[in-house]
Every structure is written in C-alpha cells, then in structure tokens.
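Data block below; observations after.
Remember, predicted model here, so these are calculated numbers, not experimental data.
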Amino acid sequence: MTSVRLPLFPLNSVLFPGLVLPLNVFEARYRAMMRDLSAVPEDERRFAVIAIRDGREVAATAQGMPDATLPAAEGPAAGFGDDPMRAFHAVGCIADAATIREKSSDDDTGYEVLATGTTRFRLLSVDASGPYLTGELEELEDGEGEGAGALASGVVRAFRTYQKRLAWANERTLSSGQDLPADPSVLSYLVAAAAVLDVPAKQRLLEAPDTASRLGQELKLLRQESALLGKLPSLPAVDLTRQPTSPN
C-alpha cells in the first residue's frame, strides 16, 4: 500500500473532488501551513481536508469545536482531544491550492486561499509533532461501478425535482437552464455537494466505494428529501451553491 504525507486541514464540512473550497485562514497553525505551502511550487501545493466528527463523539461540546468555557488550548491538535484520529472522519479529500494570498492587519497576517478538491483519501495516521497537523494518507481510486449510467439519469431527474421543491419551500425562483454534467462521477460529486444534507450524510456519500454506489444513495436521499419538502409549508433560505469555508 502506497501512502503520502500531507498537511491536514480539518473542517466542519465535507469537501468533494471537483468542488471549489475558499478559505479565510487566521489561526496560527493554519497560517504556518499556508506559509509552508506558499514556499513550494504551485503544482505541489496540496493539503488534505478532513471533516470533523460531531462534537458529541469528541467531547461534550458544540459540533467539532472545543468547550468555550475552558481556557483556550494551543498547538496543532488544539480542540481535537488526546487522539486527533478519533476526532476526524476516516475519509477526506485532497485539495490543490490554486491561490494563496497573504493579507495583513494591524495584529497579524492571514491568508485567503482558493483550492479545489481532487482525490479522495483514507486517513491512516495523524502527526501532531509539528506546527500543524499532518496526515499519512492512502489515496482512493474512483471506480464507476455497475449501472452508473442508468443511475445517473435517475439522479438528474430526482435532483431537478428536489431543486424545484426546495425553491418552492424557500419561496424562491429556480434559475433555469443550468446543465448538469454528463459524466456520472462528476455528477455524483456535484449533487453530493449541492444537496442540503448534514455532515454525516455527506460523509457517507464521500465514502461510497464507487460512483454507482454514490448515485444509488443520492437517488434514495433525493426522493426522501423531495417527499419531505412537499409536506412542509416553508423552510429557512438555503443557498444550493454555498461552499464550505474555514471555521478557524
């Protein structure tokens, strides 16, 4: 088994391959990470994004965050407990940093980062000995699976219905003419990112063994969510195109 070691960037959201990730970096550990990434060639600026488990699994606090009543912890593993591996989900997504822009204030220097998800990985170990966490990763292949093409057609129809129901529940106008990708794998990740689901549900989609399995899960979820939306009078406005941002 071939593994790679990359800087580890935990988030309270799930990144999928092909999706854009904007980050506003101001914590010391992540500033150090971006300084190091800025020093390497642009085509080598890779880091690993991993979703934080619900706080109830890590500590009796809010989701993925340290207890605000305790003194602020410092260091690369601050807020993630004695064993950071337990604080994170098992599968994440490697991100390529296309832009790392330094921004200064009176107090300190932060970074605006624009990255794109590329490849799924399985987290094998976490190293907290440096200024920021690093992870040993096993990159995961993306097989198509059996019947992905047929499932993709069903997902497109189900997603269109879901969009209409969601727009109606939010009392919004659905923009028309948006084409969905024909490639089943790309479609599966786009729908996974766009659907209004909680982190565990999105994480299960990321961990699906192949495209067909992911599309099958999405078809079931979209039908369930559409049926639920049809029975609700209204919901808080949700932006389907929202992207995960940094909680740090």
Side-chain angles (χ1 to χ4, degrees), residues 1-4 6 8-9 11-22 46-53 88-98 115-124 135-166 177-229 238-244:
M1 179 179 60
T2 303
S3 64
V4 62
L6 291 176
L8 197 61
F9 203 115
L11 285 177
N12 284 311
S13 56
V14 178
L15 176 65
F16 293 94
L19 274 295
V20 174
L21 174 68
R46 302 201 306 165
F47 59 100
V49 175
I50 196 79
I52 304 168
R53 291 187 185 274
F88 307 137
H89 284 282
V91 174
C93 183
I94 294 173
D96 281 350
T116 303
T118 60
T119 308
R120 297 183 308 138
F121 68 83
R122 185 174 304 280
L123 185 61
L124 302 178
E136 184 182 0
L137 323 173
E138 173 195 5
E139 297 187 31
L140 299 177
E141 295 183 1
D142 265 333
E144 184 170 287
E146 186 176 352
L151 284 166
S153 298
V155 166
V156 168
R157 292 191 296 271
F159 186 61
R160 291 300 189 198
T161 300
Y162 170 76
Q163 285 183 304
K164 292 176 182 177
R165 293 279 176 87
L166 189 61
Q178 180 184 8
D179 292 330
L180 292 172
D183 182 274
S185 178
V186 177
L187 173 69
S188 74
Y189 288 128
L190 176 62
V191 169
V196 183
L197 302 168
D198 60 17
V199 169
K202 286 181 178 282
Q203 184 65 33
R204 286 191 291 272
L205 293 175
L206 182 68
E207 294 181 7
D210 53 46
T211 298
S213 299
R214 186 173 304 106
L215 290 169
Q217 291 183 43
E218 289 170 347
L219 189 57
K220 182 179 179 179
L221 284 169
L222 291 170
R223 287 171 175 171
Q224 290 175 343
E225 293 296 310
S226 294
L228 177 61
L229 288 168
V238 177
D239 184 359
L240 278 177
T241 62
R242 75 187 193 280
Q243 299 296 335

Please report the closest heavy-atom contact between [X] and [Y], naming both atoms and the distance.
| X | Y | answer |
| --- | --- | --- |
| D183 | V186 | OD1-N, 3.0 Å |
| L8 | G135 | CB-N, 4.2 Å |
| A201 | L197 | CB-CB, 3.9 Å |
| V91 | Q203 | O-NE2, 2.8 Å |
| A152 | P184 | CB-CB, 4.2 Å |
| A90 | I50 | C-CD1, 4.3 Å |

Distance check, rounded to the nearest 0.5 Å: [X] atom [atom1] versus [Y] atom [atom2]?
| X | Y | atom1 | atom2 | value |
| --- | --- | --- | --- | --- |
| S153 | L219 | OG | CG | 10.5 Å |
| T161 | E225 | OG1 | CD | 13.5 Å |
| D96 | L21 | CG | CG | 11.5 Å |
| L206 | F121 | CG | CZ | 8.5 Å |
| L187 | R214 | CG | CZ | 10.5 Å |
| L151 | E144 | CG | CD | 10.0 Å |

Please check: side-chain N/O of [X] versus main-chain N/O of [Y], any donor-acceptor pairing under 3.5 Å?
| X | Y | value |
| --- | --- | --- |
| R120 | D142 | no |
| R53 | F88 | yes |
| S185 | T211 | no |

Just wondering, do [Y] and [X] contact through their side chains at under 4.5 Å, heavy atoms?
| X | Y | value |
| --- | --- | --- |
| V155 | L180 | no |
| Y162 | V196 | yes |
| E218 | L215 | yes |
| V14 | V199 | yes |

- Query: Should we count CD of Q224 as having more than 12 external heavy atoms under 6.0 Å?
  - Reply: yes
- Query: Can you list the steps and then say if L19 with T116 is a side-chain contact (heavy atoms from CB on, under 4.5 Å)?
  - Reply: CA-CA 6 Å; L19 274 295; T116 303; over 6 Å; no
- Test log, rule side chain to side chain donor-acceptor pair (under 3.5 Å), inputs R160 and Q163: CA-CA 5 Å; R160 291 300 189 198; Q163 285 183 304; 3.2 Å; yes
- Task: For R204, enumerate each residue passing the salt bridge (Lys or Arg N to Asp or Glu O under 4.0 Å) test, keeping only those at least two apart in sequence or located in another chain.
- Result: none
